[in-house]
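Notes follow the structure.
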2 protein chains.
Amino acid sequence: MLLAAGQLREHRLKVTPQRLAIFHMLSNTKSHPSAEMIYNSLRETHPTMSLATVYKTLDALVKASLIQQINVGEDAFRYDANTDSHPHIICTHCHQVYDLETDELPDLKALVAEKTHFRLSHEQLYFYGTCPDCQSEIH
Amino acid sequence: MLLAAGQLREHRLKVTPQRLAIFHMLSNTKSHPSAEMIYNSLRETHPTMSLATVYKTLDALVKASLIQQINVGEDAFRYDANTDSHPHIICTHCHQVYDLETDELPDLKALVAEKTHFRLSHEQLYFYGTCPDCQSEIH
DNA sequence: CTTTCTGCAAAAAGTTTGCAGCCAA
DNA sequence: TTGGCTGCAAACTTTTTGCAGAAAG
């Protein structure tokens, strides 16, 4: 992937097959996978890659602001190639994590900054419930 | 503490000194402590209490909906005796966690439910930044 | 050729569990 | 009395780290 390689180079990160695979996989999914999920999904194509490498790569990508780490309240962190600080909605039944379009919600940052006098850097908004698919499945 | 004892009994939990101490400590702080912080702060008065007991007690209190567990994105969980699902604001400098009054923010739940067709159960809203105290300290 | 990266294994950190004895009801 | 609770130690899970060899630039 030329694009990914360029982005890595810009941050003075060496372009390795492992990094390309992880970054590429994250860029082409909407599933917000955990480190373990990434590791398992790349096992077929990269059978020698270790879980430690997945963690080190994710750490490098987060530090370079090429991906973001999110914490939906499960045991493990999830990763997202969309680096905007956008709200997520999580199905507590199937554990899928979906994006919410930012423009669908009012901007709270300015309001909170005004009320609290904090200098705000980012926010994390999570909504939990049952997704439409799981709702019909339960019935 | 009579109040706390009664709340424990209502949920068929035995009233023990350890549970009273933990519940009481959580009810009288605004600091959203972690299990470790609770353990350390009760060491003086309850030197024989183990960290495992703190975890088991917190688990029992969460299950009884007497406290809530929050996940501000740090390594460890934090606990809050305020069981309403209210937004938090976290100082990334001093790691303090503050409450935000719910009525200061618009209610997003109905809006999100309408847009996504999820059946929503709860939400977690976290704002990150530098608190006023740390802002002046840095200068 | 230098520096960074990988992959293995071991360690760390937070949390959970098994179990024997203890205590609230 | 008895079923639930405590406290200890051991286990477990996710993530981090040290290090030797491998690969990128």
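The shown structure was predicted, so the numbers you read here are calculated from the model rather than taken from an experiment. Chain letters run A, B, ... following the sequence lines, proteins first and then strands; every chain starts at 1.
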_Between D:dT6 (P) and B:Ile22 (CD1): distance, integer Å_ = 8 Å
_Integer-rounded Å distance: D:dT14 P and A:Tyr39 OH_ = 14 Å
*Any B:Thr48 side-chain N or O less than 4.0 Å from OP1/OP2 of D:dG7*: yes
*Does A:Ser50 put a side-chain nitrogen or oxygen below 4.0 Å from OP1 or OP2 of C:dC8?*
no
*Which value, rounded to the nearest 0.5 Å, describes the distance between B:Thr29 atom OG1 and B:Tyr79 atom OH?*
15.0 Å
*Rounded to whole angstroms, how far apart are CD1 on B:Ile38 and C1' on C:dT15?*
14 Å
*asked:* Count I, L, V, M, F, W, Y as connected when their side-chain heavy atoms are under 4.5 Å apart, and connections chain through other members. Are B:Tyr126 and A:Val112 then in the same cluster?
replied: no
*Please confirm whether the backbone N or O of A:His86 pairs with a side-chain atom of A:Asp84, one donor and one acceptor, at under 3.5 Å?*
no
_Letter per nucleotide, 5' to 3', of nucleotides 15-25 of chain D [B base touched, S only sugar-phosphate touched, - untouched; heavy atoms, 4.0 Å]_ = BBBBB----BS
*Using a cut-off of less than 4.0 Å, is there contact between a side-chain N or O of B:Gln18 and OP1 or OP2 of D:dG7?*
yes
_Could you tell me how far apart B:Met37 (CE) and C:dG14 (C1') are, to the nearest whole angstrom?_
13 Å
*Is there a side-chain contact between B:Tyr98 and B:His32 (heavy atoms, below 4.5 Å)?*
no
*List the atom of A:Ser85, the atom of A:Glu123, and the distance in Å for their closest heavy-atom pair.*
OG-O, 2.9 Å
*asked:* Distance check needed: C:dT4 P versus A:Lys63 NZ, whole Å only.
replied: 14 Å
*What integer distance in Å separates A:Leu8:CG from C:dT6:P?*
10 Å
*Side-chain (A:Lys109) to main-chain (B:Phe127) donor-acceptor, under 3.5 angstrom*: no
*What is the distance from CG of A:Asn40 to P of D:dT14, rounded to the nearest Å?*
11 Å
*Would you kindly give the CG-to-P distance between B:Asn71 and D:dT14, to the nearest whole Å?*
14 Å
*Any donor and acceptor pair, going by atom type alone, linking the side chain of B:Arg19 with main-chain N or O of B:Lys14 inside 3.5 Å?*
yes
